[in-house]
Amino acid sequence: MSKRYTITAALPYTNGPIHIGHLAGVYVPADIYARYLRLTGNDVAFMCGSDEHGVPITIKAKKEGVTPQDIVDKYHAIIKKSFEDFGITFDNYSRTSAKIHHDTAQEFFKTLYNKGEFIEEVTEQLYDEEANQFLADRFVTGTCPKCGNEEAYGDQCENCGTSLNATDLIIPKSAITGNTPTLKQTKHWFLPLDKHEDFLKEWILKGHKKDWKPNVYGQVKSWIDDGLRPRAVTRDLDWGIPVPVEGADGKVLYVWFDAPIGYISATKEWAEREGKDWEPYWKDENTKLVHFIGKDNIVFHCIIFPSMLKAEGSYILPDNVPANEFLNLEGNKLSTSKNWAVWLPDYLEDFPGQQDVLRYALTANAPETKDNDFTWKDFQARNNNELVAIFGNFINRVVVLTRKYYEGVVPEPSKLRDIDEKTLAALRAYPEVISSSIERYRFREASQELMNLARLGNKYLADEEPWKVIKEDEARTKTIMYIALQIAGALAILSEPFLPFTSKKLKEILAMETPEMAGGYISDRFIKGVSWKNLKDRISLDNFIKPGHCIEEPQLLFTKIEDKDIQAQLDKLETSKKANEAANKVAEPQKEEITFDDFTKLDLRVGTIIEAEKMPKAKKLLVLKVDTGIDTRTIVSGIAESFTAEEVIGKRVTVLVNLAPRKLRGVESEGMILMTESPEGKLVFVNPDANQDVANGLQIS
RNA sequence: UGAGAUAUAGCUUAAUUGGUAGAGCAUCGCUCUCAUAAGGCGAAAAGUUUAGGUUCGAUUCCUAAUAUCUCAACCA
C-alpha cells in the first residue's frame, strides 16, 4: 500500500566538510530508507540542507578574517557535492540562509508569538563593550565562586564540576577581547517546555515505549522525569534570522529553533519547484514523519521540535527518530580539530568510483546500538571478502557462464528439481526479509541479508555444478543457469538502496532498465517494470529474466583493495594529524613582566612520587604522595587522563611547594606538580634531566 | 556532578512475552575448478563485564559496582 513519507536527515553544520561519521550515523541509513520506500512505491519527501547560523560560524569567520556568509557558502558547496557524489538522494538539499527559510522560520515564530506560546523575560547578561556584543556562556572565563579556580568557564568550572551561570563568576573576562564585561539588560523569548510536559509524557513515554530505540526513549524519559524548563528561543547576535517582532533589534532566532524548521522550508522549496503542495507532507495525519539524526541531537528532535510543532498546532509529529550512536576511527573519536577523520572528498580521490564500498562498510558496521569503530582493515575485509568474493564473484560467474554457453541469451528451463524449487522459494522470500529489516531501521542486518542472497547463489552453483553437467545434460544445465540468472537479477533490484552505483552497473550488464532511463524511450531489449514489490511474483511467473533475453558482456563490479592502499590510508591519517597539530600549535604570547623578587617567591623543589591512586569518581584526578625532600605530602593532580596511577609511581617531578593548600574533592592538596603537554595533548612531566643524580628537596633556581 | 545508553567467541554482532546462546570475519581441516587464488562443506571457539537477588529456569527482570560513550554544556 502506498503511503506518504517525510524523511529528514540532520542538517549538517556548515563549519567544515563532512566525514564518514556523518555518513554512517545519518545520511547512509536515511538514504537506504528513502530509496527503499521509493522502490516500494511510496510517496517520499527526503529533506535536508545546510545549517548555517549560530555562534561557531561567526567565530570561525572572525578567525579567518572573512564574513560568516563566506564560510557557509564555502562549506555548503562542499557538503552538497559530497552528498551528490555518494548518491544520497535528497529530494531537496536546501540551506537555512535561503530566503524561503527565513520567511518560514519567522512566520513560525510569529504564529507562536501571536498564540501566546512564548514567555518574555528580561535578564542581565554579560556584555563586551569593545566587541559590542553579548557574550555566550562559553565565551566568559573567570574565578569559580565554589573552588576558586581562576579558569572556570561561564557554564561550568572544569575543576570542581559545578554548573555555573556566567554571571556567577568572580572577575569575569571576555574570551573575545579579554576585557571585563559589563552587565546589560536584554529581553528574550522562551518556549515553556514545561507546558507541554503532559502531552510529551502521553505521546512518547506511553505511546512510543515499544517502537522507539532504547537510547532515544531513555534519553527522552530522563529529560521529562527531570522536569522541563523554559528554553530561550532567541539570542543577542548579528548572524541569523532576525526576531520578527517589535523591539527585537539585534536579536536573532536561536539556531536550534530555526534549524529544524529548515526541514519544513526545504520541503516548501522542493514543492514549489516540483509544482506540488507541501502541506500534506507536514500536516496530513496519514504522513509518516521520520527524523534521522545522531545521538547528540535526540533532545532537540524528540522534545523541543515536537513541542514547537505541537504549539503551532497544525503540524504532525515524528513517527520515529531512529538516532544512531557515534562512529570512531581506528579506536579514537572523530575530531575535526585534530583532523582525525576520513573526509568524503579525500576518500573519493583515493578510491574513485568506489562510493558503494564505503556505503557498504559503513552500513555493515553502523553504530546502531552502540558506538562503533571504523578501521581501514575492516573496510578492506568488507570489500575483499564480501563485495568482491561473494557478491561480485557470483555475478561474474553467472554472466561469464551465460556468455560462454549461450552467447548471453537466457536459456529455457525444463522440469524443476527439488533443489531448484527450494532455491527459488528462498529467493522469493528475500524482498520480504530485507523489507522487514529496513522497516525496523536495522540496516546492518538488512545489508547482511543482501549478502546472504549472493551466498545462496554461490551455493546453488557449487551444488549444481553446471560446468560439469554441461558435458552430459544440456537441458539440465539450462535450468541451472536460468535459476542462477534469477538470483543475479534479484540482486540487481534488492541492492539498490545499499549499493546504488553497483545496482545500476549490474542492471546494465543484465540489460534491465535503470532509474536513469525513466521518462525516455526504452528499447525492448531491456527488462522493464520490475519493482521490489512485484519481484517475487515475476520470478514465480517466469516473467523476470526471461528465456531469450540477451545480457551484456561481463564487467567487474568490485575490485580488490590491496594492503598497500590500506597502509597508505593509515599513514595519511597519521601525517595529516601531525601536520594539523603543528599548524594549530600557536605559542601563547609572553605574560606580563615580573621582577626577580616575584620569581623568588616561588619555592620549586625536586621530588619523587612515591604513592599514587585514582581519585574515585573523578575523571582527571590522581591523589599523589610526593617526597619533596623536606617532607612527604599529598598532592592532588589532574593528570589521570594521561597517566595511570601505577606508571606514575617513582617519577621524578618538579613541585611548587609553597602554593597555598586547597581542597580538591575533599582531599587537601599541598602543592602543585609542573607539567607541560605533548603535541597529542598528553601531559608530560617537567623533571630534572634523568641522567643527573639530583636529590629530592633541592631548590630550583 | 546528575541522567541515559552500551557491555555476549580473537573481532563485528543476533537472541519475540524469561525456556538448549545463532551468525559473519579471522583461524584450522576437507573439497570443487565456471569464476576476481574466488566458491562450497565442516571443525574448533563464548556460557553472556563483576557481585548479589527474584525464579523450576535469567543474556533477558531487580539491586549494586566497574568500564566506555552521550546529554545536561550549540561538533553527525
Side-chain angles (χ1 to χ4, degrees), chain A residues 9-13 15-16 18-27 51 53-57 136-138 153-157 160-164 213-223 225-226 235 254-256 259 292-300 323-328 333-337 364-365 367-373 375 377-378 381-382 384-390 392-402 404-405 442 444-445 448 451-452 454-455 457-463 465-468 470 481 484 554 556-560 617-619 665:
Chain A
L11 305 183
Y13 199 60
N15 63 348
I18 55 169
H19 53 60
I20 54 170
H22 302 104
L23 212 52
V26 177
Y27 305 106
D51 176 10
H53 297 133
V55 176
I57 282 169
D137 287 350
R138 261 290 176 78
Y153 286 96
D155 48 5
Q156 185 201 28
C157 172
C160 65
T162 330
S163 308
L164 302 168
K213 293 170 69 165
N215 57 334
V216 177
Y217 183 86
Q219 190 70 228
V220 171
K221 186 172 185 315
S222 115
W223 259 68
D225 290 350
D226 226 29
R235 292 234 98 186
Y254 209 173
V255 62
W256 63 253
F292 283 87
I293 57 168
K295 66 171 157 181
D296 55 329
N297 248 327
I298 291 172
V299 170
F300 293 110
N324 269 334
E325 303 281 309
F326 282 179
L327 190 71
N328 293 327
K333 276 191 226 190
L334 286 162
S335 162
T336 306
S337 56
N365 199 25
E368 285 178 358
T369 55
K370 62 172 185 194
D371 288 3
N372 250 336
D373 199 21
T375 63
K377 196 166 162 278
D378 180 74
R382 292 283 181 194
N384 293 356
N385 305 335
E386 298 183 21
L387 293 176
V388 175
I390 298 180
N393 187 39
F394 169 67
I395 297 300
N396 194 43
R397 301 168 81 179
V398 174
V399 175
V400 166
L401 286 177
T402 306
K404 193 161 160 186
Y405 298 161
R442 299 166 74 141
R444 52 189 301 163
E445 182 180 274
Q448 290 314 295
M451 200 50 66
N452 283 340
R455 287 193 171 98
N458 276 320
K459 181 164 167 51
Y460 180 76
L461 284 185
D463 288 348
E465 303 178 302
W467 48 90
K468 269 190 192 165
I470 187 88
M481 289 314 300
L556 296 182
L557 295 177
F558 303 100
T559 52
K560 268 206 148 186
K617 302 208 173 192
K619 222 189 278 179
R665 295 259 166 134

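Quick note: numbers below take in every heavy atom, side chains included, and nothing from hydrogens, waters or symmetry partners. The sequence lines fix the lettering, A, B, ..., with proteins before strands; numbering per chain opens at 1.
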Q: Can you figure out which of U36(B), C25(B), C32(B) approaches the side chain of W467(A) most closely?
A: C32(B)
**Q.** Residue A462(A), side-chain heavy atoms: nucleotide from C74(B), G40(B), U6(B) that is nearest
**A.** G40(B)
Q) With both distances kept under 3.5 Å, what pairs with C69(B), Watson-Crick or G-U wobble? A) G4(B)
Q) Under a 4.0 Å N-O cut-off, is there an ion pair linking K295(A) with D371(A)? A) yes
**Q.** Shortest side-chain distance from V299(A), nucleotide among A5(B), C71(B), C34(B)
**A.** C71(B)
Q. Considering only the P atoms, how many Å lie between G24(B) and G42(B), rounded to the nearest integer?
A. 10 Å
Q.
Using a 4.0 Å heavy-atom cut-off, does E445(A) contact any base of the nucleic acid, only the sugar-phosphate backbone, or nothing at all?
A. nothing
Q) Of the nucleotides U6(B), A38(B), G39(B), which one has an atom closest to the side chain of K560(A)? A) A38(B)
**Q.** Spacing of Q219(A) atom CD relative to U70(B) atom P, expressed in whole Å
**A.** 12 Å
Q. What distance, rounded to whole Å, do you find between the two C1' atoms, one in U68(B) and one in U27(B)?
A. 29 Å
Q) With a non-hydrogen cut-off below 4.0 angstrom, is F394(A) in contact with a base, only sugar-phosphate, or nothing? A) nothing
Q.
Side chain of N393(A), heavy atoms from C-beta onward: which of G40(B), A38(B), U70(B) has the nearest atom to it?
A. A38(B)
Q) On a whole-Å scale, what distance lies between the C1' atoms belonging to C25(B) and A51(B)? A) 34 Å
Q) Which atom names give the shortest non-hydrogen contact between N15(A) and P56(A), and what distance separates them? A) ND2-CB, 4.4 Å
**Q.** Separation between the P atoms of U20(B) and U59(B), rounded to whole Å
**A.** 10 Å
**Q.** Among A35(B), G40(B), U13(B), the one nearest N372(A) by side-chain distance
**A.** U13(B)
(Q) Closest-nucleotide mapping onto RNA chain B: is N396(A) or N297(A) further toward the 5' terminus? I mean the 5' end. (A) N396(A)
Q) Nearest heavy-atom pair of M451(A) and L387(A): which atoms, and what distance? A) CE-CD2, 3.9 Å
Q. Contact class for V388(A) vs. all strands (heavy atom < 4.0 Å): base, sugar-phosphate, or nothing?
A. base
(Q) Counting only Watson-Crick pairs (N1-N3 plus N6-O4 or O6-N4) and G-U wobbles (N1-O2, O6-N3), all under 3.5 Å, who is the partner of A21(B)? (A) none
Q | K295(A) side-chain N/O to G4(B) phosphate OP1/OP2 under 4.0 Å | A | no
Q: Looking at every strand, decide which applies to G54(A) at a 4.0 Å heavy-atom threshold: base, sugar-phosphate, or nothing.
A: nothing
**Q.** Options A5(B), C25(B), C34(B), nucleotide nearest the side-chain atoms of E386(A)
**A.** C25(B)
**Q.** Pairing partner (Watson-Crick or G-U wobble, both distances under 3.5 angstrom) of C74(B)
**A.** none
Q. Counting just side-chain N and O atoms, does N385(A) come under 4.0 Å of either OP1 or OP2 of A26(B)?
A. yes
**Q.** Base-pairing assignment for A15(B) (Watson-Crick or G-U wobble, both under 3.5 Å)
**A.** none
Q.
Measuring only the C1' atom in each nucleotide, how far is G22(B) from U66(B)? A whole number of Å is fine.
A. 29 Å
(Q) Could you tell me how far apart E465(A) (CD) and C32(B) (P) are, to the nearest whole angstrom? (A) 9 Å
Q) Within the structure shown, what part of the strands sits under 4.0 Å from K468(A) by heavy-atom distance: base, sugar-phosphate, or nothing? A) sugar-phosphate
Q) Heavy atoms under 4.0 Å, any strand shown: does P12(A) hit a base, just sugar-phosphate, or nothing? A) nothing
Q) Which one, G39(B), U6(B), C74(B), comes nearest to the side chain of V55(A)? A) C74(B)
Q. Which part of the nucleic acid does L327(A) contact within heavy-atom distance under 4.0 Å: base, sugar-phosphate only, or nothing?
A. base
Q) Contact class for D378(A) vs. all strands (heavy atom < 4.0 Å): base, sugar-phosphate, or nothing? A) nothing
Q) F558(A) near the nucleic acid: base, sugar-phosphate alone, or nothing, with a heavy-atom cut-off under 4.0 Å? A) base
**Q.** Side-chain N,O (R444(A)) to OP1/OP2 (U13(B)) below 4.0 Å
**A.** yes
Q: For residues A323(A) and K213(A), report the shortest heavy-atom separation together with the two atoms involved.
A: O-NZ, 2.9 Å
**Q.** Nearest-angstrom distance, C1' atom, C62(B) to A26(B)
**A.** 38 Å
Q. Would you call G42(B) syn or anti, using the 90° rule around 0?
A. anti
Q) Where do Y27(A) and L11(A) come nearest, in terms of heavy atoms and distance? A) OH-C, 4.1 Å
Q: Look at R455(A) and C41(B) and indicate whether a side-chain polar atom (N or O) is within less than 4.0 Å of OP1 or OP2.
A: no
Q) Closer to the 5' end of RNA chain B via nearest nucleotide, is it T369(A) or L11(A)? A) T369(A)
Q.
Please determine whether a side-chain nitrogen or oxygen atom of K221(A) lies at a distance below 4.0 Å from atom OP1 or OP2 of A3(B).
A. no
Q: Give the C-alpha distance, both sets of side-chain angles, the deciding distance and a yes or no for side-chain contact (heavy atoms from CB on, under 4.5 Å) between I293(A) and I298(A).
A: CA-CA 7 Å; I293(A) 57 168; I298(A) 291 172; 4.3 Å; yes
Q) Does a distance-only test, which skips hydrogens and angles, find a donor-acceptor pair under 3.5 Å between the side chain of Y405(A) and the base of C34(B)? A) no
Q) With both distances under 3.5 Å as the test, what is the Watson-Crick or G-U wobble partner of G42(B)? A) C28(B)
Q.
Could you tell me the Watson-Crick or G-U partner of U59(B), where both distances fall under 3.5 Å? Say none if there is no partner.
A. none
Q. According to a strict under-4.0 Å criterion, is K333(A) in side-chain N/O contact with OP1 or OP2 of U68(B)?
A. no
(Q) Closest approach to the side chain of L556(A), judged atom by atom: which nucleotide of U36(B), A14(B), G40(B) is it? (A) U36(B)
Q. Roughly how far apart, to the nearest Å, are G10(B) and U6(B) at atom P?
A. 23 Å
Q | P atoms of A43(B) and A23(B), separation to the nearest Å | A | 10 Å
Q | Given A72(B), U13(B), C34(B), the nucleotide with the shortest approach to the side chain of R397(A) | A | C34(B)
Q) So what does G218(A) touch, heavy atoms closer than 4.0 Å: a base, only the sugar-phosphate, or nothing? A) sugar-phosphate
Q: Kindly indicate whether the side chain of L461(A), heavy atoms from C-beta on, has any atom under 4.5 Å from the side chain of P466(A).
A: yes
(Q) Applying a 4.0 Å non-hydrogen cut-off, can you work out what L557(A) is touching in the nucleic acid: base, sugar-phosphate, or nothing? (A) base
Q: Provide, to the nearest angstrom, the distance between the NZ atom belonging to K370(A) and the C1' atom belonging to C11(B).
A: 10 Å
Q: Under 4.0 Å between any heavy atoms, over every strand shown, what does V255(A) touch: base, sugar-phosphate, or nothing? Just pick one.
A: base
Q) When all nucleic acid strands are considered with a 4.0 Å heavy-atom cut-off, which category describes F326(A): base, sugar-phosphate, or nothing? A) base
Q) So which nucleotide does A35(B) pair with, by the Watson-Crick or G-U wobble rule with both distances under 3.5 Å? A) none
